[in-house]
*Asks:* 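Take a look at this one; I'll ask things after.
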Number of protein chains: 2
Amino acid sequence: MKKYVHILKKTQMFSGVMDTEIASMLSCLGARLYDYKKGEYVLRRGEHISDIMVLVEGNLHIQKDDYWGSRSILGHIDVGEMFGEAYVAPESGAILNDVVAVEDSTVIFFDVKRIITTCPSACRFHALVVQNMFFAISEKNRKLVQKLGHMSKRTTREKLISYLSEEANRRSSASFTIPFNRQQLADFLSVDRSAMSNELCKMRDEGLIEFEKNKFRLL
Amino acid sequence: MKKYVHILKKTQMFSGVMDTEIASMLSCLGARLYDYKKGEYVLRRGEHISDIMVLVEGNLHIQKDDYWGSRSILGHIDVGEMFGEAYVAPESGAILNDVVAVEDSTVIFFDVKRIITTCPSACRFHALVVQNMFFAISEKNRKLVQKLGHMSKRTTREKLISYLSEEANRRSSASFTIPFNRQQLADFLSVDRSAMSNELCKMRDEGLIEFEKNKFRLL
DNA sequence: ACAAATCGGTTGTTTTTACAACAGAAAAAG
DNA sequence: CTTTTTCTGTTGTAAAAACAACCGATTTGT
């Protein structure tokens, strides 16, 4: 587990906590490490959890399949990102979505009760971690609202413009690389891939955007 | 402010905190009370805040207008509900949506720094409030994910089924009253009102649902 | 009690999307 | 290096949604 301290150090959760301190906090926070092969499920719809997880290696997708097998990718998780925090409240119900490894991945589980119950002695930085978590969840909340902003657009073009504008804005650059291929982007925005591909090309022909593979440029 | 202690007592934020304790905590938490007339804006897109708010009287909508004036209602806030928690992180940007009073309303503002910085002496229940907030934000997070679940459905009918199923499930009853009129429900699901009305009637004719005004029944 | 505004349902037209099927290019596997 | 698979763009068709316009009923305001 110690080999991932340098990853954890860069997470929002441990922001401001020293390396040595992180190592000693791991047991205090009830940390457990799990490995997943590409394609394996980290979380499944219907499960109940009381953990918050951090991805320390690999890449995960948050996805949902409906009755008829149509898949929506609700988001993706990069190394250093936290997930599962939406289901840790005592009154929270079952998990609504699947989390699946899109490449070989490693995840650290933290018992939420151990996090929010400040330990009496050892952890000097425990209160800081709680604050970090607070802000991290708050921030995630904001991102969900932002995604809802894209989804609430009526047409495929409007959704694309909303998403691409935000990416450009977030990177402070008209050129950027997105973390999705076409099918994944279509799933993310909940539209048909071919229709989206068609729309992207129309937008390119109209001089609104340029793109090559995952690299986009707004004009 | 004291007249609203009985409301605050029932909020997630002060769950488990005694009445007398709440009253004494208000100043410690930097609470301020504001009144709004119907139609007035509580928060505007582009503002920056470092407060968490609780509605203690009235009814609010979270909404967004795009360039051309098309309005999406992203959600509604009932008495006792908390909002604004998505923007309190230090690195958080400007508010993305408007919050507007749909009837005369009263809101209490809490300075987030005062909440997460546990005071050294007075507040015995401060740690509990932090935990409550933690779970509350977590829970809100889950609800956003759930709404994304509806929004990710392709057709109006699927969105309606997703929304109505969840409401029925949440109330544990096939009959329930929704907090929206037709236009508001259409805005909430980001679909056209007339098309939605049409679809609802088709579903009724097919024997899937019954409804009268805001009262629905799944069959 | 009356006038005005809002609300919900209906219909027809236009626009957009979903779906299906296919082909060339690129990437991965052997 | 060759074969297979995946990825992306293209097209045509059918289905669905958006839009606009209208009407009757209900609610609100005066």
Side-chain angles (χ1 to χ4, degrees), chain A residues 38-39 59 61 66-73 102-104 150-164 177-206 208-216, chain B residues 37-39 59 61 66-73 102-104 150-164 177-206 208-217:
Chain A
K38 175 179 176 178
N59 190 236
H61 274 182
D66 68 20
Y67 303 120
W68 306 276
S70 176
R71 174 163 296 173
S72 291
I73 296 185
V102 289
E103 53 189 86
D104 290 359
H150 307 143
M151 301 286 291
S152 69
K153 295 288 185 290
R154 306 296 175 83
T155 66
T156 298
R157 172 173 294 218
E158 283 178 312
K159 284 174 184 161
L160 283 168
I161 288 175
S162 178
Y163 171 72
L164 294 173
T177 303
I178 66 172
F180 298 126
N181 64 27
R182 292 292 182 279
Q183 182 62 61
Q184 290 166 344
L185 179 58
D187 287 341
F188 180 71
L189 297 176
S190 274
V191 295
D192 180 72
R193 181 198 61 78
S194 66
M196 186 192 76
S197 188
N198 197 297
E199 199 63 38
L200 277 172
C201 292
K202 278 189 202 162
M203 288 165 70
R204 182 192 53 199
D205 296 343
E206 292 174 22
L208 284 172
I209 60 174
E210 285 174 357
F211 58 87
E212 193 210 335
K213 289 195 168 188
N214 299 358
K215 192 162 159 39
F216 286 78
Chain B
K37 292 281 175 205
K38 175 179 175 177
N59 191 237
H61 274 182
D66 69 19
Y67 303 120
W68 307 275
S70 175
R71 174 164 295 173
S72 290
I73 295 184
V102 289
E103 54 188 84
D104 291 358
H150 306 143
M151 299 286 291
S152 70
K153 295 287 187 290
R154 306 295 173 86
T155 67
T156 298
R157 172 174 294 218
E158 283 178 313
K159 285 175 184 160
L160 283 168
I161 288 175
S162 178
Y163 171 73
L164 294 173
T177 303
I178 66 173
F180 297 125
N181 64 28
R182 291 292 182 281
Q183 182 62 62
Q184 289 167 344
L185 178 58
D187 287 341
F188 180 71
L189 297 176
S190 274
V191 295
D192 179 73
R193 181 196 60 78
S194 67
M196 186 193 76
S197 187
N198 196 295
E199 199 63 38
L200 277 172
C201 293
K202 277 190 204 162
M203 287 165 71
R204 182 193 51 200
D205 296 344
E206 291 174 24
L208 284 172
I209 59 173
E210 285 174 358
F211 58 86
E212 193 210 336
K213 289 195 169 192
N214 299 359
K215 192 161 161 40
F216 286 77
R217 180 183 173 80

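The sequence lines fix the lettering, A, B, ..., with proteins before strands; numbering per chain opens at 1.
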*Asks:* Side chains of B:Leu200 and B:Arg182: closer than 4.5 Å at any heavy-atom pair?
*Replies:*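 The answer is yes, as the side chains (C-beta and beyond) meet within the 4.5 Å cut-off.
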*Asks:* Which nucleotide in the set C:dA18, D:dT10, D:dC19 lies at the smallest distance from any side-chain heavy atom of B:Asp192?
*Replies:* D:dC19
*Asks:* Nearest 0.5 Å please: distance from the CZ atom of A:Phe216 over to the CG atom of A:Leu185.
*Replies:* 6.5 Å
*Asks:* Could you state the CE-P distance from B:Met196 to D:dA16, rounded to the nearest angstrom?
*Replies:*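 Distance check: B:Met196 CE to D:dA16 P gives 18 Å.
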*Asks:* Using a heavy-atom cut-off of 4.0 Å across all strands, would you classify A:Thr155 as base, sugar-phosphate, or nothing?
*Replies:* sugar-phosphate
*Asks:* Please state how far atom CZ in A:Arg157 lies from atom P in D:dA18, giving the value in whole angstrom units.
*Replies:* 17 Å
*Asks:* From A:Arg193 CZ over to A:Thr156 OG1, what is the distance, rounded to the nearest 0.5 angstrom?
*Replies:* 13.0 Å
*Asks:* From the list D:dT8, C:dG8, C:dA18, which nucleotide is the closest neighbour of the side chain of A:Val191?
*Replies:*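 Nucleotide nearest to A:Val191's side chain: C:dA18.
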*Asks:* Take atom CD of B:Gln183 and atom P of D:dT27, then tell me their distance rounded to the nearest Å.
*Replies:*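 Interatomic distance, CD of B:Gln183 to P of D:dT27: 18 Å.
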*Asks:* Could you pull out all residues at least two apart from A:Thr155 that satisfy side chain to side chain donor-acceptor pair (under 3.5 Å)?
*Replies:*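 Partners of A:Thr155 by the side chain to side chain donor-acceptor pair (under 3.5 Å) criterion, ordered by chain and then number, come out as A:Glu158.
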*Asks:* I need the CG-C1' distance between B:Asn214 and D:dT27, as an integer number of Å.
*Replies:* 13 Å
*Asks:* Can you say whether a donor on the side chain of B:Arg193 sits under 3.5 Å from an acceptor on the base of C:dG9, or the other way round?
*Replies:*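 Such a pair exists between side chain and base.
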*Asks:* As an exercise, state the distance from CZ of A:Arg154 to CG of B:Asp192, rounded to the nearest 0.5 Å.
*Replies:* 6.5 Å
*Asks:* For the side chain of A:Asn181, starting at C-beta, report the closest nucleotide among D:dT8, C:dT10, C:dA18.
*Replies:* D:dT8
*Asks:* OP1 or OP2 of C:dA27 sitting under 4.0 Å from any side-chain N/O of A:Lys213?
*Replies:*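 It does, given that an N or O in the side chain of A:Lys213 lies less than 4.0 Å from OP1 or OP2 of C:dA27.
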*Asks:* Can we say B:Glu206 and B:Arg157 salt-bridge, meaning some charged N sits less than 4.0 Å from an Asp/Glu carboxylate O?
*Replies:*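 Counted as a salt bridge, because a side-chain N and a carboxylate O are separated by less than 4.0 Å.
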*Asks:* Heavy atoms from C-beta onward define the side chain here; which of C:dA18, C:dG8, D:dG9 lies closest to that of B:Arg182?
*Replies:*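 Output: C:dG8.
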*Asks:* Tell me: CG of A:Leu160 to P of D:dT8, nearest whole Å?
*Replies:* 14 Å
*Asks:* May I have the distance from A:Asn198 (atom CG) to C:dC22 (atom C1'), rounded to whole angstrom?
*Replies:*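 Distance check: A:Asn198 CG to C:dC22 C1' gives 15 Å.
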*Asks:* Suppose we screen for ring pair (Phe, Tyr, Trp, His ring centres under 6.0 Å). Which residues come up paired with A:Tyr163, at least two apart in sequence or across chains?
*Replies:* A:His150, A:Phe188
*Asks:* Please pick, from C:dG8, D:dT10, D:dC19, the nucleotide with the shortest atom-to-atom distance to any side-chain atom of B:Ser194.
*Replies:* D:dC19
*Asks:* What is the distance, to the nearest angstrom, from the CZ atom on B:Arg204 to the P atom on C:dG8?
*Replies:* 13 Å
*Asks:* Check this one for me: any side-chain N or O of A:Thr156 less than 4.0 Å away from OP1 or OP2 of C:dT17?
*Replies:* yes
*Asks:* What nucleotide among D:dG9, D:dA18, C:dG9 has an atom nearest to a side-chain atom of A:Cys201?
*Replies:*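 Nearest to the side chain of A:Cys201 among the choices is D:dG9.
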*Asks:* Counting heavy atoms from C-beta on, name the nucleotide in D:dA17, C:dG9, C:dA18 closest to the side chain of A:Ala195.
*Replies:*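 Per side-chain heavy atoms of A:Ala195, the pick is C:dA18.
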*Asks:* Out of C:dT17, C:dG8, D:dA18, which has the shortest distance to the side chain of A:Glu199?
*Replies:*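 Ranking C:dT17, C:dG8, D:dA18 by closest atom to the A:Glu199 side chain puts C:dT17 first.
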*Asks:* Under 4.5 Å between any side-chain heavy atoms of A:Ser190 and B:Met151, yes or no?
*Replies:*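 The answer is no, as the side chains (C-beta and beyond) never meet within the 4.5 Å cut-off.
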*Asks:* Measure CZ/A:Phe211 against P/D:dC7 and give the value in whole Å, please.
*Replies:* 17 Å
*Asks:* Only stems of 3 or more consecutive Watson-Crick or G-U pairs count here, both distances under 3.5 Å; name the ones for DNA chain C, or none.
*Replies:* C:1-30 with D:1-30
